[in-house]
Amino acid sequence: MKDTLNFSLIVGLSLLPDGGIVIASDIANNLQYFNRNGTYVRSVGRMGRGPGEFQGIGSFHRFGDSLAVVDLQGVFQFFAVTGKYIRTAPPLINKSRTLGFFADGRLIAGSLDYTGLETGKWRQATELLQVWRGSDARTLGRFPSVLAYRGKEGSVKGNVYSPRNRVAVLANHFCAGFAGSTSIKCYDAGGRDRASIRLRGRADVAVTKADEEAYFQDIYDANVGEPKAKLDAQERAARARVTFATSMGYFGDLIASRDNSLWVGPPSNKDGRPFAQNALPDKPTQWDIYDLSGNALAVVELPARFRLMEAGENYVAGVTADHDGLEVVRVLRLTKK
């Protein structure tokens with residue numbers, strides 16, 4: 001699925017019990033509340049280092065009636081779904097990525113493990129998943145992830161667009177799968193097997209020349225106003241060091257819906273592109289929905305230029321763009337056929 005870019009930064013959103021919506025905006029550095037008619041109500045948070053303040057917004061998570069915002073320094077700020085500040089927590093001791101929260105507030109985080117890499121030889125790295133309660137962590141397991149190798153200078157390098165480990169955190173379970181295969185497994189909160197999902201009718205999506213060129217074009221699109229000579233030099237340097245995977249794999253994002261089901265999306269060429277987190281697909285996307293026993297529930301086709309961010313039993317919420325390229329939040333109702 002090819003993607004086009006939009007550089008305003010809605011990091012996350014969630015539909016509220018009263019039909020309104022809360023949006024986490026990195027460019028505004030706050031949480032913005034709107035009523036069910038789309039009218040702005042208020043903002044929560046601001047730039048800063050104090051309670052309820054952010055140094056940029058890296059990720060946004062909803063669990064139960066709580067919200068968690070992780071800033072770009074890794075600091076956690078917790079709020080009630082109403083926007084009331086609850087508490088602040090320090091960054092994790094390792095540089096793990098925050099994957100989500102169980103309903104009871106325990107955090108699942110993941111970090112790539114390059115322990116077995118050899119100099120100049122491609123190996124499959126693993127992702128270590130841990131569940132955190134406060135400062136205490138327990139390992140859930142190691143899962144296959146990107147192909148990588150260690151350069152002569154010691155740095156780790158991987159292929160852009162390479163299949164990787166995908167993780168979705170539900171109320172008290174999590175699902176994980178390597179996108180280079182058609183298998184996804186779900187586990188309980190202790191890491192014990194719950195169900196296996198075998199995707200049907202999925203094709204391995206090849207990385208094209210157009211995908212490769214999109215990576216380099218990002219340098220220009222994300223740095224509008226910089227001298228062209230400077231950007232040309234950055235592009236030449238990137239072309240000299242970057243390698244591309246031949247395949248993106250069989251699936252893309254895994255999203256845990258608000259009704260505790262798993263949404264499996266198509267592969268996307270945003271992976272590995274440092275400025276493409278807010279990519280909008282240029283074609284309709286097909287999502288397969290499963291329950292936690294591995295049963296297929298439905299197939300949903302979402303419109304082109306719509307980036308899914310949250311799903312519920314009868315709705316999806318996400319971001320599209322207007323004619324000027326500015327992000328617009330959109331909520332779509334789902335109906336059964």
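In this text the structure is predicted, and so the values were computed from the model without any measurement.
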**Student:** Run the side-chain contact (heavy atoms from CB on, under 4.5 Å) check on Phe178 and Thr126 step by step: do they pass?
**Tutor:** CA-CA 10 Å; Phe178 175 58; Thr126 58; over 6 Å; no
**Student:** Test side-chain contact (heavy atoms from CB on, under 4.5 Å) on Glu310 and Ser14; report intermediate values, then the result.
**Tutor:** CA-CA 7 Å; Glu310 183 177 86; Ser14 188; 2.7 Å; yes
**Student:** Are Val319 and Leu13 packed together at the side-chain level, in the sense that at least one heavy-atom pair is separated by less than 4.5 angstrom?
**Tutor:** yes
**Student:** Can you tell me how far apart CG (Leu262) and OG (Ser257) are? Round to the nearest 0.5 Å.
**Tutor:** 8.0 Å
**Student:** Indicate yes or no: at least one non-hydrogen side-chain atom of Tyr149 is less than 4.5 angstrom from one of Lys121.
**Tutor:** no
**Student:** Identify whether the distance between the nearest side-chain nitrogen and carboxylate oxygen of Arg307 and Glu327 falls below 4.0 Å.
**Tutor:** yes
**Student:** Any donor and acceptor pair, going by atom type alone, linking the side chain of Arg150 with main-chain N or O of Tyr114 inside 3.5 Å?
**Tutor:** yes
**Student:** Parallel under 30°, tilted from 30 to 60°, perpendicular over 60°: which one fits the rings of Phe63 and Phe101?
**Tutor:** parallel
**Student:** Hey, could you give me the CZ/CD1 distance between Phe34 and Ile21, rounded to the nearest 0.5 Å?
**Tutor:** 9.0 Å
**Student:** Could you grab the distance from atom CG of Leu72 to atom CD of Gln55, nearest 0.5 Å is fine?
**Tutor:** 8.5 Å
**Student:** Looking at every non-hydrogen atom in both residues, tell me the closest pair between Asp71 and Gly56 and how far apart they are.
**Tutor:** CB-O, 2.8 Å
**Student:** Would you say that Pro284 contacts Glu301 through its side chain, given a criterion of any heavy-atom pair below 4.5 Å between the two side chains?
**Tutor:** yes
**Student:** Do Ser268 and Thr285 come close enough that some side-chain heavy atom pair is under 4.5 Å?
**Tutor:** no
**Student:** Shortest non-hydrogen contact from Val22 to Leu31?
**Tutor:** CG2-CB, 4.1 Å
**Student:** Looking at Leu92 and Ala109, what are the two nearest heavy atoms and their distance?
**Tutor:** CD1-CB, 3.6 Å
**Student:** Determine, stepwise, if the pair Asp232 / Tyr220 fulfils side-chain hydrogen bond (donor to acceptor under 3.5 Å, both in side chains).
**Tutor:** CA-CA 9 Å; Asp232 287 346; Tyr220 297 89; 2.5 Å; yes
**Student:** Are there more than 12 heavy atoms of other residues, nucleotides or ligands under 6.0 Å from atom CG of Asp65?
**Tutor:** no
**Student:** Counting only N and O atoms by type, is there a donor-acceptor contact under 3.5 Å from the side chain of Asn260 to the main-chain atoms of Ala171?
**Tutor:** yes
**Student:** Under 3.5 Å, is there a donor-acceptor pair between the side chain of Asp291 and the main chain of Ser293?
**Tutor:** yes
**Student:** So, does Arg42 use its side chain to make a donor-acceptor pair with the main chain of Tyr33 at under 3.5 Å?
**Tutor:** no
**Student:** Name each donor-acceptor pair under 3.5 Å that joins a side chain in residues 78-86 to protein atoms two or more places apart or in another chain, with its distance.
**Tutor:**
residue	atom	partner	partner atom	Å
Tyr85	OH	Thr88	N	3.1
Tyr85	OH	Thr88	OG1	2.8

**Student:** Going only through I, L, V, M, F, W and Y residues with side-chain contacts under 4.5 Å, is there a path from Trp287 to Phe306?
**Tutor:** yes
**Student:** Provide the closest heavy-atom pair for Leu170 versus Phe102 in the form atom of the first, atom of the second, distance.
**Tutor:** O-CD2, 3.5 Å
**Student:** For Gly12, does its backbone N or O pair with a side-chain atom of Arg62 as donor and acceptor, under 3.5 Å?
**Tutor:** no
**Student:** Under the 3.5 angstrom rule, does the side chain of Thr98 hit a backbone N or O of Gly100 as a donor-acceptor pair?
**Tutor:** no
**Student:** Mark yes or no for whether Asp188, through its side chain, and Arg194, through its backbone, hold a donor-acceptor pair below 3.5 Å.
**Tutor:** no
**Student:** Atom CZ in Arg166, atom CD1 in Ile255: separation rounded to 0.5 Å?
**Tutor:** 11.0 Å
**Student:** Could Arg202 and Phe251 be counted as a cation-pi pair, given that NZ or CZ must be under 6.0 Å from the ring centre and within 45° of the axis?
**Tutor:** no
**Student:** Applying side-chain contact (heavy atoms from CB on, under 4.5 Å) to Asp288 and Val299, what does each step give before you reach the verdict?
**Tutor:** CA-CA 5 Å; Asp288 299 311; Val299 176; 3.4 Å; yes
**Student:** Answer whether the closest heavy-atom distance between the side chains of Arg198 and Thr182 falls below 4.5 Å.
**Tutor:** yes
**Student:** side-chain hydrogen bond (donor to acceptor under 3.5 Å, both in side chains), that's the test. Do Tyr40 and Ser43 meet it? Break it down for me.
**Tutor:** CA-CA 9 Å; Tyr40 170 78; Ser43 294; 2.7 Å; yes
**Student:** If we only count heavy atoms from C-beta on, is the Arg330 to Arg305 side-chain gap below 4.5 Å?
**Tutor:** no
**Student:** Is there a side-chain contact (heavy atoms from CB on, under 4.5 Å) between Leu334 and Val316? Walk through the geometry before answering.
**Tutor:** CA-CA 7 Å; Leu334 301 177; Val316 292; 4.1 Å; yes
**Student:** Any side-chain heavy atom of Asp26 within less than 4.5 Å of one from Phe60?
**Tutor:** no
**Student:** What I'd like to find out is whether the side chain of Asp211 reaches to under 4.5 Å of the side chain of Phe244, using heavy atoms alone.
**Tutor:** no
**Student:** Evaluate Arg239 against Glu235 for salt bridge (charged side-chain N to carboxylate O under 4.0 Å, His left out), listing each step before the verdict.
**Tutor:** CA-CA 6 Å; Arg239 287 185 182 275; Glu235 181 191 0; 2.9 Å; yes
**Student:** Could you give the side-chain donor-acceptor pairs of residues 128-148 under 3.5 Å, partners two or more places apart or in another chain?
**Tutor:**
residue	atom	partner	partner atom	Å
Arg142	NH1	Asp113	OD2	2.2
Ser145	OG	Asn165	N	3.4

**Student:** Is the shortest distance from a Lys or Arg side-chain nitrogen in Asp253 or Lys270 to a carboxylate oxygen in the other one below 4.0 Å?
**Tutor:** yes
**Student:** Could you state the interatomic distance from CZ (Arg236) to CZ (Phe216), rounded to the nearest 0.5 Å?
**Tutor:** 13.0 Å
**Student:** Could you see if Leu254 belongs to whatever hydrophobic cluster contains Ile197? Use Ile, Leu, Val, Met, Phe, Trp, Tyr and a side-chain cutoff under 4.5 Å.
**Tutor:** yes
**Student:** Any link between Trp263 and Phe174 through a network of hydrophobic side chains (Ile, Leu, Val, Met, Phe, Trp, Tyr) touching at under 4.5 Å?
**Tutor:** no
**Student:** About how many Å separate CD of Glu212 and OG1 of Thr243, when rounded to the nearest 0.5 Å?
**Tutor:** 9.5 Å
**Student:** Looking only at non-hydrogen atoms, find the nearest pair between Ala168 and Ala256 and report the distance.
**Tutor:** CB-N, 3.9 Å
**Student:** Between Ser261 and Ile289, what is the shortest heavy-atom contact and its length?
**Tutor:** OG-CG2, 3.8 Å
